[in-house]
Number of protein chains: 2
Amino acid sequence: MATSTRGRIDKRQAILGGAFAVFARLGYAQACVQDIADEAGVAKPTVYNHMTDKATLFRHAVEAASQAALDARIGALAPLADPGDDLAGALEDVAHALLRLHTDERSCALKRLLHSEITRFPDLLDVVTGSGPHHLTRALADRLARLALSGRLRAADPDLAAEQFLALLLGPLEARSRLGTRPIGETELHDMARATVCTFMRAWGQDTP
Amino acid sequence: MATSTRGRIDKRQAILGGAFAVFARLGYAQACVQDIADEAGVAKPTVYNHMTDKATLFRHAVEAASQAALDARIGALAPLADPGDDLAGALEDVAHALLRLHTDERSCALKRLLHSEITRFPDLLDVVTGSGPHHLTRALADRLARLALSGRLRAADPDLAAEQFLALLLGPLEARSRLGTRPIGETELHDMARATVCTFMRAWGQDTP
DNA sequence: GTGGATTTGAACTCATGGGTTCAATGTAGT
DNA sequence: ACTACATTGAACCCATGAGTTCAAATCCAC
């Protein structure tokens, strides 16, 4: 047939990718395995050749997407390693990058899937605590602790500072994006990043200017 | 006995209540109408006597629960109408009340349902924008504007202040409650409220004390 | 009581979809 | 070329559950 089956390419990747795409589009219950197989360009028995269940298929797909999202987010913290002499500017860059990463299609879908299926798949909590906001908070706290040590931020409680920075940044997202159904314009993202950094520096910047 | 259709109205409430309970427990797709009828203490045809669809049943149940949640949350802002001379204390009371309201069983279930079914029921967005965080933010912004007028807060942008207060307060909830699957202790709630108010006052309190 | 509407249980129809089977058809490695 | 295995399409089995039908039971106003 004219299908794209080229030898022994690892179909597993195609299946996981297609699975996440379909789950993201339809949710767990509404996604049927045939749709996933079609999306992956693969026959249905092939899916069951690699994954025993629809459930484990879901788990693996979410796990992979979750890990990828975490890597990207932690990577976005890089400018804080050497912020130069414009700390607020570096924070704003990081804030904007994080906003972009949290508003893209896959991230919104991932968040929806986690929220909706967490009762049916309680073991996804391990994936979340392993790659969810907790790890990102810790990574950010590490950066902030360094900055506090060099006297550019209040020294007290970098964990709390990181938690509040992310809260200030990402909290308004839900309402503004209408639960992730509305894209947010680039200028609005910049405004949100600036407002976050401005308030954050008032609360956590070096006192006695 | 007030109306000639008393029975009808009673059953309708029971059905809506049971529907929300079952939807909250199982999600939309997994909840079957028979379960809902049982939960409501009613026969299945009676459900279809009041609601044409499983879908409209879901809509009405979510709408009712959403409205109730909004009323409670806006009610929790009351102490800000007359905060006395301890503004931080009043803010902390409000913060704590809001945290309690956002962590109870029904609120978590409601949030899960909205996130998971928003793609299948886009019209629920109207319910959300009508009774979701947006209205709460506006109500809080009104209170903060009054306080700013009397010189007890920075005057600039009460809308932003309200948005950031709620973000600081509710943003950390997601990670701490593990997506709503873990109850948060009373002392931890108090700590969160205090940390929020402390940071909020540093950023938005009257400058030059 | 009586009559009209409502509720009820049980059985029914029908569509969906998870998971399997199987014979035919590649595809690798040797 | 030959063998061992992966893949494929199509059909199949079977559980689940939405929505309906209907006769019997129940309720309410008058």
Original post:
Residues from residues 44-62 of chain A sitting under 4.0 Å of DNA chain D, heavy atoms only?
Top reply: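 Listed by number, they are A:Pro45, A:Thr46, A:Asn49, A:His50.
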Subject >> Interface with DNA chain D, restricted to residues 116-124 of chain A and to heavy atoms under 4.0 Å >> reply: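 Residues of residues 116-124 of chain A under 4.0 Å from DNA chain D: none.
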Under the ring-ring contact (aromatic ring centres under 6.0 Å, His included) rule, collect the residues that match up with [X], sequence neighbours excluded.
X	result
A:His60	none
A:His102	none
A:Phe165	A:Phe200
B:Tyr48	none

Subject >> Residue pairs involving residues 178-187 of chain B (criterion side chain to side chain donor-acceptor pair (under 3.5 Å); sequence neighbours excluded) >> reply: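 Of all non-adjacent pairs touching residues 178-187 of chain B, those that pass side chain to side chain donor-acceptor pair (under 3.5 Å) are B:His96-B:Glu186, B:Arg100-B:Glu186.
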**OP:** Could you pull out all residues at least two apart from A:Asp123 that satisfy salt bridge (charged side-chain N to carboxylate O under 4.0 Å, His left out)?
**Re:**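 If we apply the salt bridge (charged side-chain N to carboxylate O under 4.0 Å, His left out) test to A:Asp123, skipping adjacent residues, the hits are A:Arg59.
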Could you list the residues that satisfy side-chain hydrogen bond (donor to acceptor under 3.5 Å, both in side chains) with [X], not counting sequence neighbours?
X	value
B:Glu92	none
A:Asp53	none
A:Arg120	A:Glu117

Original post:
Would you call B:Lys111 and B:Glu174 a salt bridge, taking side-chain N to carboxylate O under 4.0 Å as the test?
Top reply: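 The answer is yes: the pair qualifies as a salt bridge.
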**OP:** Determine the contact category for A:Ala29: base if any of its heavy atoms lies under 4.0 Å from a base atom, sugar-phosphate if only primed atoms, P, OP1 or OP2 are that close, otherwise nothing.
**Re:**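 The answer is nothing, as A:Ala29 stays clear of every strand by at least 4.0 Å.
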Subject >> Base-pair map of DNA chain C as dot-bracket, where | denotes pairing with a different strand and pairs are Watson-Crick or G-U under 3.5 Å >> reply: ||||||||||||||||||||||||||||||
